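Contents: one structure, followed by commentary.
In this chain, numbering begins with 1 at the start of the sequence shown. When a ligand or atom number is given, it counts from 1 through the structure's own listing order. None of these values were measured; they are calculated from a predicted model.
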Amino acid sequence: MESLGVLLITANIGSVCDEPEEIEKLWLQEFYKTVQDHQSAFIALHLQEFGGKNYQENMGCAENFIRRLIQSEEMSQYNCVQSFIDKDFTQAERFTALASVYFIHSCLHNARIYDFQEKSFVSVSGSTMWMGSLEDCPTVHKERFPQDFWLEFAWTRKGFMRTRWLVNDQTFDLVNLHLFHDASNLVSGDCSPSVYSANRRRALYHVLTRLKDDDNAPFFLFGDFNFRLDLKSLIQAQGWTSSDTRDLDVQTAVYEQNGEVQLVMKCKQFEHQNAKVFQDENEHMLLRFDHEPMPFLNELTEVQISFPPTYPFSENVTKPSEFMGTRCPAWCDRVFMSHTARPLLQKSKLGEAFVQYGRIGGDVCMGDHKPVFLHFEMEPKFDHLEN
Ligand SMILES: *[C@@H]1O[C@H](CO)[C@@H](O)[C@H](O)[C@H]1NC(C)=O
C-alpha cells in the first residue's frame, strides 16, 4: 500500500467573515496555493469562529464562502467532500461556530468515516454538507464547553468537534477545537501562568478526558488553542520595569528600560514600541515563553515550530505582516497529535522533508489569524511486512 499525502489546516476565520470581499479573496488565493503546493490525497480543514463576531448577520456569507471553496475549480480534483458546519446560533447552549471540511482526492478510494451511533465505519462519496446544530449527524461528535465550566467567563462559542476516519487501513480521529481567549492584557500579565492560561488548561484536560472516554484512537487535535505567551515571564526576562503609573482609573501599565518606554498595555491594547523582542528575527526567542503546551506533553506532541506567531495581525490589507497593537503576539493556532498518532508521520527517507509544519499567508492579509498547516506522508500500515 502506498503512503498517503495528508494536509491538516486550522484557520480562525472570524475576521474573514466580518470583513468579507477583499480579505476573503486573498484568503482563498492563499488556501488554494497551499493545496496546490502539497497535492495531498486527504485534506482536513478546521475552521473556528465560523460566521465571525456578528454571526447573526454574517452566517449566510460564511455559508456562501464555504460553498464557493468546495465548488471551486481549484478543488475540483477532490470529488468527495464531507463538511460539518455548526451554524445554528439559535441553540445558545450548543453553538460552537466550528466548521470542519474534509476533502478526498479522486485518487483515494478507500476512505471511510465512523458512524458514532452504529459504531462502524461507512463509505463516503460525493459531497455531503451537514449544517445546523449537528446533533443528529451520526458521523460527527460535537461538544460545547458547559456554560458553568468557568463561572467568571461566559463560554460563548467554544468547544470541540471530532470525526473518525479509516484511510489506508489506518484509523485516526481529527478534532477541531476552540479554547477560551485572553480578555484583558492587564490580567494576563498579573501572574504566571495567567488565569486565562489556567482556564484553558482545565478546558483542554476536559477535552482530552472526553476523547479518552470513548475507545481510544490516535488523534490529531488542531484548532485555535488560544495559547498565549507567558506575559509576566516575558516582561521580567526583558528586565523591563513598570513605571508605577498603573493608574487604576484608566487601567494602563507602562514598562520601561533605561528611561525608555518599551510597552504600553491596556485591557485590549498592546503597544510594543518596536521593542526588539517583537521583531521578526526574535521569533524563536519568543517561543521560550510559549509555556501552555507543557502540562500536556505526556499526552500531546507537536512538530517543532519554526514560523513566526500566528496572531494578532493587522486586518488592513496593505499591512499583512504587521502585528495589530491589541495583544501580545502568540502561537494561538496549532496542530497537536497524540503520541499514538506520531508514528503515522512517515520518517524522512533520502533526506526528503516529508513533514512540514508552517504558517499560511505570511505576507498576505488573511485576517487577524494566519492559518497553520501540517503536511505529511502517512506511513502505510503494513510497511514492515512489505520490507
Ligand atoms: C490601511 O493602511 C493604509 C496605510 O497606512 C492607510 O492609508 C489606510 O487608510 C488603511 N486602511 C484602513 C481601512 O484602515
For ligand 1, what N or O to protein N or O distances fall under 3.5 Å?
residue: ligand 1; atom: 2 (O); partner: Asn316; partner atom: ND2; Å: 2.3
residue: ligand 1; atom: 2 (O); partner: Thr318; partner atom: OG1; Å: 3.2
residue: ligand 1; atom: 5 (O); partner: Lys319; partner atom: NZ; Å: 3.1
residue: ligand 1; atom: 11 (N); partner: Asn316; partner atom: ND2; Å: 2.9

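- Counting only N and O atoms by type, the side chains of His46 and Tyr102 include a donor and acceptor under 3.5 Å apart.
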Residues 74-97, side-chain donor-acceptor partners within the protein, below 3.5 Å, at least two apart:
residue: Ser76; atom: OG; partner: Glu73; partner atom: O; Å: 2.7
residue: Tyr78; atom: OH; partner: Ser40; partner atom: O; Å: 2.6
residue: Gln82; atom: NE2; partner: Thr128; partner atom: OG1; Å: 3.4
residue: Asp86; atom: OD1; partner: Lys142; partner atom: NZ; Å: 3.1
residue: Asp86; atom: OD2; partner: Thr96; partner atom: N; Å: 2.7
residue: Asp86; atom: OD2; partner: Thr96; partner atom: OG1; Å: 2.6
residue: Asp86; atom: OD2; partner: Lys142; partner atom: NZ; Å: 3.0
residue: Lys87; atom: NZ; partner: Glu63; partner atom: OE1; Å: 2.6
residue: Asp88; atom: OD1; partner: Thr90; partner atom: N; Å: 3.2
residue: Asp88; atom: OD1; partner: Thr90; partner atom: OG1; Å: 2.4
residue: Asp88; atom: OD2; partner: Gln91; partner atom: NE2; Å: 3.4
residue: Gln91; atom: OE1; partner: Arg94; partner atom: NH1; Å: 2.9
residue: Thr96; atom: OG1; partner: Leu98; partner atom: N; Å: 3.3

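- With 3.5 Å as the limit, one finds no donor-acceptor pair spanning the side chains of Asn12 and Gln48.
- Annotation: side-chain contact (heavy atoms from CB on, under 4.5 Å) contacts of Arg210 (sequence neighbours excluded): His141, Glu143, Phe160, His206, Asp213.
- Annotation: side-chain hydrogen bond (donor to acceptor under 3.5 Å, both in side chains) contacts of Lys212 (sequence neighbours excluded): Glu299.
- Annotation: cation-pi geometry satisfied between Lys370 and Phe313 (NZ/CZ under 6.0 angstrom from ring centroid, within 45° of ring axis).
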